[in-house]
Number of protein chains: 2
Amino acid sequence: MSAPKKTPRSIVPLSREDWVKAATNLIAQEGIQAVAVEPLALALGVTKGSFYWHFHNRDELIHAALEAWEQDQSADVVTRYAGIEDPRRRLRVLLFAAFEDVENGRFFAALGVSSEDPRVQPYLWRATERRLAFGVEAFKALGLSETEARQRALLAYAAYAGYFQLLRATPEALEAVTDLSGYVRRLADALVPAKAARPS
Amino acid sequence: MSAPKKTPRSIVPLSREDWVKAATNLIAQEGIQAVAVEPLALALGVTKGSFYWHFHNRDELIHAALEAWEQDQSADVVTRYAGIEDPRRRLRVLLFAAFEDVENGRFFAALGVSSEDPRVQPYLWRATERRLAFGVEAFKALGLSETEARQRALLAYAAYAGYFQLLRATPEALEAVTDLSGYVRRLADALVPAKAARPS
DNA sequence: CTGTTTCAATACGCAGGCGTATGGAAGCCA
DNA sequence: TGGCTTCCATACGCCTGCGTATTGAAACAG
């Protein structure tokens, strides 16, 4: 066999998606400002020349990465948990799922890091709005008033955002909580009113 | 009195503290990376020449700002609230005070933004450790087990960190909560076990 | 009035990152 | 074989920010 017809090109060419994926990882780890063309090219083993063939400029890459994330998002939360009937269960499942999706949590925290950046603001705002609205609905479905539902949803969301910010900034601080599910259970117990009175 | 003896110089010279204060404000608003010598000099109406007379380099300014913040910190929380006898009240007062000190909350959130920076990490870590430890003690004083106290303290701290992160990143999201004290009260109610059963 | 100290302006060199321009090599197509 | 397309390298100019060196000017001290 005259060599199994290697890859089309002797050395595989980079696709646009390769760049986006690399950028996404970089954002999750070091934030937007770390997405620099030249270092990124270096890491991918090519030069700027390649980048500027695939993209018009740096902004285009950043937007592509954020866009990809947002797509995943909408495909995720809202659609998956709206199906659960019992609102109490829905809330708990939602909470657990949110905290367990560490990948997503890290990316979200990274966006918070770059929240000043006008490019990320719209994405951050939309994600927050969508999640918060979903939480409010869930709490209202439990019979809570608008005000109460808002407060609780915000509390839950702040606890979520704060958790992943801490995970990012001072992961040592979380070592105390080896049992994440216990932590989340406590959050759920604290926020979701029990059917029957539920002692701590 | 023959003119209140104007300022020593016709145009007031900048002090080292002026630079530190300006840097502190900048950090609170835009994070560490915004503390750049030349733009800062421009904002203060002078040039780099002034800066490098007062400071050895950029790092020295940053450390000075962080140091000043840390000093305020230790002078604050620990000393002021350890005096309150009733642990239940102590916790609530602490929570309210923490959320009401918006200035400090913003600065803390800004540090979270720059959490990758090796210069801020130690400060962030010490602040987190101190506050968390204080919270754990407070909860333990209520008779909770070590594990429970840790979980609740972390929960409270995450809610705190998350709140100010949201305030920073998507302040619009918090407009729903016009009543901050109601929000904090809910947090306190959720986390501090009531003496007698305490309906929402 | 002279010298010293304190604070600041100016000018310079350097590095990193963006974007452009241009050339080139490998595959595909005829 | 020649040409077109795809992907990338190289080289360049630009801007921003750091840090240094040197000069300068106002206050103070004698």
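Lettering of chains follows the sequences in order, A, B, ..., and the numbering in each one begins at 1. In this text the structure is predicted, and so the values were computed from the model without any measurement.
Spacing between atom NE2 of B/His56 and atom C1' of D/dC18 amounts to 13 Å, rounded to whole angstrom units. To the nearest angstrom, P of C/dC18 lies 14 Å from CZ of A/Phe55. The distance from atom CG of A/Asn57 to atom P of C/dG17 is 17 Å, rounded to the nearest whole Å. Going from atom OH of B/Tyr52 over to atom C1' of D/dC18 covers 5 Å, rounded to whole Å. Separating the CD atom of B/Glu60 from the P atom of D/dT20 is a distance of 12 Å, rounded to the nearest angstrom. Protein atom CG of A/Leu61 is 15 Å distant from nucleotide atom P of C/dG17, rounded to whole Å. For A/Trp53 and D/dA9, the CH2 to P distance is 14 Å, given to the nearest whole Å. Per the geometry, CZ belonging to B/Arg58 stands 15 Å off P belonging to D/dT20, to the nearest Å.
Side-chain proximity of B/Glu38 to D/dC18, C/dG17, C/dA9: nearest is D/dC18. Of the candidates C/dC18, C/dA8, D/dC8, the closest approach to any side-chain atom of B/Ser50 belongs to C/dA8. Of the listed nucleotides (C/dG17, D/dC8, C/dA8), C/dG17 has the atom at the smallest distance from the side chain of A/Pro39. Comparing C/dA9, C/dC18, D/dC8 against the side chain of B/Thr47 picks out C/dA9 as the nearest. Taking every side-chain heavy atom of A/Leu14 into account, D/dC8 is the closest of D/dC8, C/dC7, D/dC18. Closest contact between the side chain of B/Val46 and the listed nucleotides D/dC8, C/dA9, D/dC18 involves C/dA9.
Figure legend: B/Arg131 and B/Phe108 shown as a cation-pi pair, the cationic atom lying under 6.0 angstrom from the six-membered ring centre and within 45 degrees of its axis.
Ring orientation note: the planes of B/Tyr160 and B/Tyr157 are close to parallel, at an angle under 30° on the 30°/60° scale. Between B/Tyr123 and B/His63, the ring planes lie tilted relative to each other; the angle falls in the 30° to 60° range. The aromatic rings of B/Phe99 and B/Tyr183 stand perpendicular to each other, their planes meeting at an angle above 60°, with 30° marking the opposite boundary.
Distances shorter than 4.0 Å separate none of the side-chain N or O atoms of B/His54 from OP1 or OP2 on C/dT6.
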Requested in this report: Kindly indicate, with the supporting measurements, whether the criterion side-chain contact (heavy atoms from CB on, under 4.5 Å) is fulfilled by B/Arg152 and A/Arg186.
Outcome: CA-CA 8 Å; B/Arg152 295 200 191 207; A/Arg186 183 155 310 282; 3.3 Å; yes
